[in-house]
S.K.: 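Got a structure for you, questions after.
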Amino acid sequence: MSLGDFVHGGGSVLIVIIILGLIGLFFFFERLFVLLKERNDMMTTMVKVRNAIAQKNITAAKQHCRSSSNIFSSVMLRAFEYYDQQKIDSFDGSLKDIVEEEALKLEKNYRYINIVAALAPLLGFLGTVIGMMQVFGKIGMINSTNVSLLPSIFSSGISLALYTTVGGLAVAIPLLILMAILREVEDRLVESTTDEVRSIAMKLKLLPIEEVQ
């Protein structure tokens with residue numbers, strides 16, 4: 001069976017499911033690109049900030065963070081605020097909440113992928129119901145003179161019912177797997193950010209504010 005036959009058998013409901021699947025894929029690749037770019041930017045900023053801290057140049061470290069827009073930079077700027085206010089000892093207690101707050105910005109458009117993954121099987125079920133309604137509706141119109149039409153009626157109705165169900169699951173299952181991949185990438189970014197910021201904060205505790213640039 002060709003893809004064209006499959007789509008034709010599923011009718012307009014299957015076409016809607018396919019369109020939704022393409023939309024879900026678009027948002028997945030958009031978020032994946034953002035997360036990978038975030039990771040690369042973050043690694044670059046981490047190196048610059050570590051080097052600046054090693055030279056006791058807090059001003060340069062802050063500038064590196066302000067000139068980039070990643071989760072590490074945002075969290076480090078909050079750490080520098082604690083340092084400037086001589087409250088760096090209490091920063092670790094707030095670190096988790098700060099990182100989680102910044103991580104929410106990475107989850108933009110996740111909801112659209114989740115909506116498509118939830119909606120596709122429901123549309124598949126809708127196609128199943130429509131297919132069964134078509135079968136039973138046309139069966140009622142069958143009489144002894146056109147009983148030969150019965151196989152074609154069953155064929156068209158059952159194909160709509162089954163193809164849309166398969167289409168809905170074929171969209172939802174991969175999208176759920178892809179969402180798990182996005183979550184894993186994000187979790188690693190959050191974990192890396194937390195560990196790195198905590199490490200730098202420990203170094204800041206050892207730097208008297210009057211000794212830094």
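As a basis for the values below, the full set of heavy atoms in this structure was taken, side chains included, without hydrogen atoms, waters or symmetry mates.
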S.K.: With sequence neighbours left out, what residues match E30 under side chain to side chain donor-acceptor pair (under 3.5 Å)?
M.R.: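 Only N109 meet the side chain to side chain donor-acceptor pair (under 3.5 Å) criterion with E30.
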S.K.: Would you say L176 and F125 are hydrophobically clustered, going by side-chain heavy atoms of ILVMFWY under 4.5 Å?
M.R.: no
S.K.: Specify the closest pair of heavy atoms between T45 and H64, including all atoms of both residues, with the distance to one decimal.
M.R.: CG2-O, 4.1 Å
S.K.: Could you tell me which residues satisfy side chain to side chain donor-acceptor pair (under 3.5 Å) with K87, sequence neighbours excluded, listed by chain and number?
M.R.: none
S.K.: What's the shortest heavy-atom distance between A117 and A172, and which atoms?
M.R.: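 Scanning both residues, the minimum pair turns out to be O-CB, 3.3 Å.
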S.K.: Using 0.5 Å steps for rounding, measure from the OG atom of S68 to the CG atom of L77.
M.R.: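 Rounded to the nearest 0.5 Å, the OG-CG separation comes to 8.0 Å.
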S.K.: What are the two closest non-hydrogen atoms of V171 and G21, and how far apart are they?
M.R.: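 Closest approach of V171 to G21, heavy atoms only: CG1-CA, 3.6 Å.
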S.K.: Show me the pairs that pass side chain to side chain donor-acceptor pair (under 3.5 Å) and involve residues 31-40, at least two apart or across chains.
M.R.: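 Residue pairs passing side chain to side chain donor-acceptor pair (under 3.5 Å), neighbours aside: K37-D41.
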S.K.: Identify whether M43 and V75 are in the same connected component of the hydrophobic contact network (ILVMFWY, side-chain heavy atoms under 4.5 Å).
M.R.: yes
S.K.: To the closest 0.5 Å, what do you measure between OG1 (T193) and CZ (R188)?
M.R.: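 Answer for the OG1-CZ pair, T193 versus R188, is 14.0 Å.
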S.K.: For a quick test of reading the model, state the closest non-hydrogen atom pair linking C65 to V49 and the distance between them.
M.R.: SG-CG2, 3.7 Å
S.K.: Under 4.5 Å between any side-chain heavy atoms of F80 and I58, yes or no?
M.R.: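 Answer yes - side chains close enough.
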S.K.: Is the closest side-chain heavy-atom distance between L14 and I18 below 4.5 Å?
M.R.: yes
S.K.: Measuring from atom CE of M202 to atom CZ of F91, what distance do you get when rounded to the nearest 0.5 angstrom?
M.R.: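 Interatomic distance, M202 CE to F91 CZ, rounded to 0.5 Å: 12.5 Å.
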S.K.: Step by step, work out the side chain to side chain contact (heavy atoms under 4.5 Å, CB included) result for R78 and E101.
M.R.: CA-CA 12 Å; R78 298 284 293 274; E101 178 185 336; 4.0 Å; yes
S.K.: Heavy-atom distance under 4.5 Å between the side chains of L95 and R198, does that happen here?
M.R.: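 Side chain of L95 against side chain of R198, heavy atoms only: contact under 4.5 Å found.
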S.K.: Report the residue from L35, V190, V34 that forms a side-chain contact (heavy atoms from CB on, under 4.5 Å) with V185.
M.R.: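 That would be L35; it is the only one of L35, V190, V34 passing the side-chain contact (heavy atoms from CB on, under 4.5 Å) with V185.
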S.K.: Taking only residues two or more places apart in sequence, or in another chain, which ones meet N51 in a side chain to side chain donor-acceptor pair (under 3.5 Å)?
M.R.: none
S.K.: What I'd like to find out is whether the side chain of L178 reaches to under 4.5 Å of the side chain of L25, using heavy atoms alone.
M.R.: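 They are in side-chain contact.
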S.K.: Is there a continuous path of hydrophobic side-chain contacts, each under 4.5 Å between heavy atoms, that joins I15 to L123?
M.R.: yes
S.K.: So do the side chains of Y110 and E186 get within less than 4.5 Å of each other, counting heavy atoms only?
M.R.: yes
S.K.: Establish whether F26 and I19 are linked, either directly or via other cluster members, by ILVMFWY side-chain heavy-atom contacts under 4.5 Å.
M.R.: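 Per the 4.5 Å side-chain linkage, F26 and I19 are co-clustered.
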S.K.: Hey, does I113 have a side-chain heavy atom less than 4.5 Å from the side chain of L182?
M.R.: yes
S.K.: Within a reach of under 6.0 Å around CZ of R183, are more than 12 heavy atoms found that belong to other residues, nucleotides or ligands?
M.R.: yes
S.K.: Run F72 and I200 through side chain to side chain contact (heavy atoms under 4.5 Å, CB included) and show every step you take.
M.R.: CA-CA 11 Å; F72 170 78; I200 294 176; 3.7 Å; yes
S.K.: Using the salt bridge (Lys or Arg N to Asp or Glu O under 4.0 Å) rule, collect all pairs that involve residues 17-27, keeping only residues at least two apart or in two chains.
M.R.: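 Salt bridge (Lys or Arg N to Asp or Glu O under 4.0 Å) check on residues 17-27 returns no pairs.
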S.K.: Say whether S94 and D97, considering side chains only, have a donor N or O and an acceptor N or O under 3.5 Å apart.
M.R.: no
S.K.: Do M179 and L122 share a hydrophobic cluster, counting only Ile, Leu, Val, Met, Phe, Trp and Tyr and linking them when any side-chain heavy atoms are less than 4.5 Å apart?
M.R.: no
S.K.: Do I71 and M42 touch side chain to side chain, with heavy atoms closer than 4.5 Å?
M.R.: yes
S.K.: May I ask you to say whether K62 pairs ionically with D84, meaning some side-chain N is under 4.0 Å from a carboxylate O?
M.R.: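 Counted as a salt bridge, because a side-chain N and a carboxylate O are separated by less than 4.0 Å.
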S.K.: Measuring only between side-chain heavy atoms, which start at C-beta, is V197 closer than 4.5 Å to V99?
M.R.: no
S.K.: Looking at L189, is its backbone amide N or carbonyl O close enough to the side chain of S192 to form a donor-acceptor pair, meaning the two atoms are under 3.5 Å apart?
M.R.: no
S.K.: Excluding sequence neighbours, so at least two apart, what forms side chain to side chain donor-acceptor pair (under 3.5 Å) with K48?
M.R.: none
